[in-house]
Amino acid sequence: MKRIEIKNLLERRDYNAQINVKGWVRTKRGSKNVAFIALNDGSTINNIQIVVDRNDNNADLLENINTGASLSVDGILVESTGTGQAVEVNATNIEILGKAHPDEYPIQPKKHTLEFLREKAHLRFRTNTFAAITRIRHSMIFAIHKFFNDRGFYNIHSPIITGSDAEGAGEMFQVTTLDLDNIPRTEEGEINYKKDFFGKIANLTVSGQLEAELAALALSKVYTFGPTFRAENSNTSRHLAEFWMIEPEVAFNDIHDNMDLAEDMLKFVIQYALDNCMDDLLFLSNRLQEEEKNKKADERSMELIEKLKFVLENPFERVSYTEAIDILRNSKPNKKKKFDYIIEGWGADLQSEHERYLVEKHFKKPVILTDYPKEIKAFYMKQNDDGKTVRAMDVLFPQIGEIIGGSQREENYEKLSKRMAEMEIPEESMWWFLETRKFGTVPHAGYGLGFERLMLFVTGMGNIRDVIAFPRTPLNLEF
RNA sequence: UCCUCCUUAGCUCAGUUGGUUAGAGCACCUGACUGUUAAUCAGGGUGUCCUAGGUUCAAGUCCUAGAGGAGGAGCCA
């Protein structure tokens, strides 16, 4: 008999139909005459209840049906006589596909800590929490592609291995096929990269932006969605060494178009989650509410679904860096010296505590900060006429901080070349990037969205290691 | 990389100013009961107290070093 997915089965009402379901046991509840098995196959967060009549013939069978075991169940779909579910399956035959010995199987029907489950990353998909996150993650991936596809964008696969060491976005992972026990040297005693696979130093990409710009300057509207690698020794709940980044790049867009695009995109994908993942969001919301009970009233955050709707319903606050500095300088925590870094004046880099103050205390909604001092931003950003600032835009979200970083790009060859020289970025490694400003240059803009940071916001999870299946962080590469 | 905190049963955690035999809930086993909802009730015993040293009559508890984890900061998405 063909297997029916539990998601579909739960919606059926054709009682007495013969069906087959396969899945993993979540719990088994004992009884003298009858046993109840909650079975889940990942198609939905909800389980199907399997009802088994106890008799002498199946005592051994039932003994081996423990949490985590996999089953194939033939049975009859019936209306449930109990409360808590509309339909259930009266089992006529159960085959145990794989046992899960209860003394050894670590995922038991109880609350486990997220830290514990991180150490069981191979099995944590089998928990409600991670299955829900995984389903939501899929929907978010799909929503992002849909958003851009619906608007005529082209998806670009930017390279994962790069020969450019000047992307300027952080420490890089080197890629080599050289024998590390016997490194070829030049006559001067330096490592001879001419003998390496590519004949030069190669690294994993830290950004697909530069390649996306090249494509945008022909196809007008493009985006990348790929893995990104940073070898920073970052040990926080917001950083990964390997993460996924979405980088749209649009020719003829200025910074205002760029902000509109970012805001539209975030709202689209959040709406998509509400429209398509409500079961899983409700589960995560309840889970969070349980945790919140242990917190003081003023530390509790907004309920998850309410929070998502709040973002949808309110325009993001657009504020220049200069205005933000004024707000911060006159803020209570600054005057009372509650900030670890006191804002003295214009030019200071904003710390996490300042961004949080603006988003969570002052504006109480997402904020887009623009026009930062050029000294604290990347070389490729469009220089404003004031000679001091660049057309950068950072989208700041409550709890997450910077979820998007972007800018209008400098399209003027001379200005870009001059800025690269000032920042000591070697032109010879970036000649191809500069040539786009030499031939048919146009104003353009783009940004990078950290996909896992979006996932943090949508799921309400607190640690980025719990919204990606196999997180890569310093000293962590088990799975 | 820096600061702070944590590591006790399979899991979640308690363990007093250093003091006798280290505890609870869940899971597991036995029994009862029952169309149950992480079923319930009764009984059963979990152990390298992270590791290695040290102080002490006595260390889960104090000290030193190491390992692992968490939170915050920096870097950033």
Side-chain angles (χ1 to χ4, degrees), chain A residues 25-38 46-54 63 66-68 78-85 88 90 100-120 127-128 167-171 206-209 226-247 262 290 339-341 349-356 376-378 394-397 400-406 447-457 462-466 468 473-476 478:
Chain A
V25 176
R26 282 291 160 77
T27 61
K28 178 185 66 177
R29 289 180 284 276
S31 141
K32 193 178 193 177
N33 303 315
V34 82
F36 300 95
I37 300 162
N46 300 306
N47 304 321
I48 184 77
Q49 176 156 283
I50 310 293
V51 187
V52 189
D53 264 321
R54 278 189 195 275
E63 194 172 320
N66 298 305
T67 299
V78 296
E79 186 171 11
S80 180
T81 55
T83 55
Q85 60 279 316
E88 61 193 20
N90 283 339
H101 199 287
D103 288 346
E104 295 169 36
Y105 184 61
I107 312 297
Q108 292 299 328
K110 67 181 291 295
K111 209 175 178 90
H112 292 288
T113 60
L114 296 169
E115 292 82 11
F116 173 75
L117 293 171
R118 241 169 259 159
E119 291 168 9
K120 311 279 182 227
T127 64
N128 282 332
E167 289 173 18
E171 293 295 311
V206 291
S207 164
Q209 179 199 319
T228 309
F229 307 88
R230 304 269 167 95
E232 306 283 352
N233 191 9
S234 296
N235 293 288
T236 81
S237 53
R238 305 184 306 283
H239 289 87
L240 292 164
E242 176 184 298
F243 62 101
W244 290 72
M245 190 153 64
I246 295 111
E247 294 176 289
E290 287 295 313
F339 283 142
D340 289 336
Y341 296 86
D349 206 350
L350 299 182
Q351 309 292 324
S352 292
E353 57 181 347
H354 306 133
E355 295 179 351
R356 271 208 310 277
I376 58 175
K377 287 293 177 184
D394 286 358
V395 181
L396 310 178
F397 261 36
I400 319 291
E402 187 179 341
I403 196 167
I404 282 179
Y447 59 83
L449 166 72
F451 182 61
E452 282 77 14
R453 290 195 179 168
L454 173 67
M455 282 295 298
L456 281 179
F457 185 75
N463 193 314
I464 202 161
R465 294 161 198 191
D466 298 329
I468 185 168
T473 55
L475 302 175
N476 194 344
E478 181 68 20

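Per chain, numbering begins at 1; letters A, B, ... match sequence-line order.
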**Residue met sooner reading RNA chain B from 5', once A/Leu350 and A/Asn476 are mapped to nucleotides** = A/Asn476
**Message:** Taking the six-membered ring for Trp, are A/His354 and A/Phe339 closer than 6.0 Å centroid to centroid?
**Reply:** yes
By the 4.0 Å heavy-atom rule, please label [X] as base, sugar-phosphate, or nothing.
{"X": "A/Glu88", "result": "base"}
{"X": "A/Ser234", "result": "base"}
{"X": "A/Arg238", "result": "base"}
{"X": "A/Asn66", "result": "nothing"}
{"X": "A/Thr67", "result": "nothing"}
{"X": "A/Gln351", "result": "sugar-phosphate"}

[X] has an atom [atom1]; how far is it from atom [atom2] of [N], in whole Å?
{"X": "A/Glu171", "N": "B/C75", "atom1": "CD", "atom2": "P", "value": "14 Å"}
{"X": "A/Asn233", "N": "B/G72", "atom1": "CG", "atom2": "C1'", "value": "15 Å"}
{"X": "A/Arg465", "N": "B/G68", "atom1": "CZ", "atom2": "C1'", "value": "12 Å"}
{"X": "A/Phe116", "N": "B/C26", "atom1": "CZ", "atom2": "C1'", "value": "13 Å"}
{"X": "A/Phe36", "N": "B/A39", "atom1": "CZ", "atom2": "P", "value": "11 Å"}
{"X": "A/Glu232", "N": "B/A73", "atom1": "CD", "atom2": "P", "value": "16 Å"}

Watson-Crick or G-U wobble mate for [N], both contacts under 3.5 Å:
{"N": "B/A65", "result": "B/U51"}
{"N": "B/U4", "result": "B/A70"}
{"N": "B/C75", "result": "none"}
{"N": "B/C41", "result": "B/G31"}

Are side-chain heavy atoms of [X] and [Y] found at a separation under 4.5 Å?
{"X": "A/Ile403", "Y": "A/Leu454", "answer": "yes"}
{"X": "A/Phe243", "Y": "A/Ile468", "answer": "no"}
{"X": "A/His239", "Y": "A/Arg453", "answer": "yes"}

**Asked** Would A/Thr127 and A/His112 satisfy side chain to side chain contact (heavy atoms under 4.5 Å, CB included), going step by step from the backbone distance to the final call?
**Response** CA-CA 9 Å; A/Thr127 64; A/His112 292 288; 5.5 Å; no
**Prompt:** Are the ring of A/Phe243 and the base ring of B/A77 both nearer than 5.5 Å at their centres and tilted by less than 30°?
**Reply:** yes
For the side chain of [X], starting at C-beta, report the closest nucleotide among [options].
{"X": "A/Arg230", "options": "B/A70, B/U12, B/A77", "result": "B/A77"}
{"X": "A/Asn463", "options": "B/G74, B/U36, B/G71", "result": "B/G71"}
{"X": "A/Ile464", "options": "B/A77, B/C75, B/A38", "result": "B/A77"}
{"X": "A/Thr27", "options": "B/U12, B/U36, B/A39", "result": "B/A39"}
{"X": "A/Ser352", "options": "B/U36, B/A73, B/G71", "result": "B/A73"}

**Asked** Is the shortest side-chain N/O distance from A/Arg356 to OP1 or OP2 of B/G72 below 4.0 Å?
**Response** no
**Request:** Rounded to whole angstrom, note down the P distance from B/G23 over to B/G60.
**Result:** 14 Å
**Request:** Report yes or no: do A/Thr228 and A/Arg230 form a side-chain donor-acceptor pair below 3.5 Å?
**Result:** no
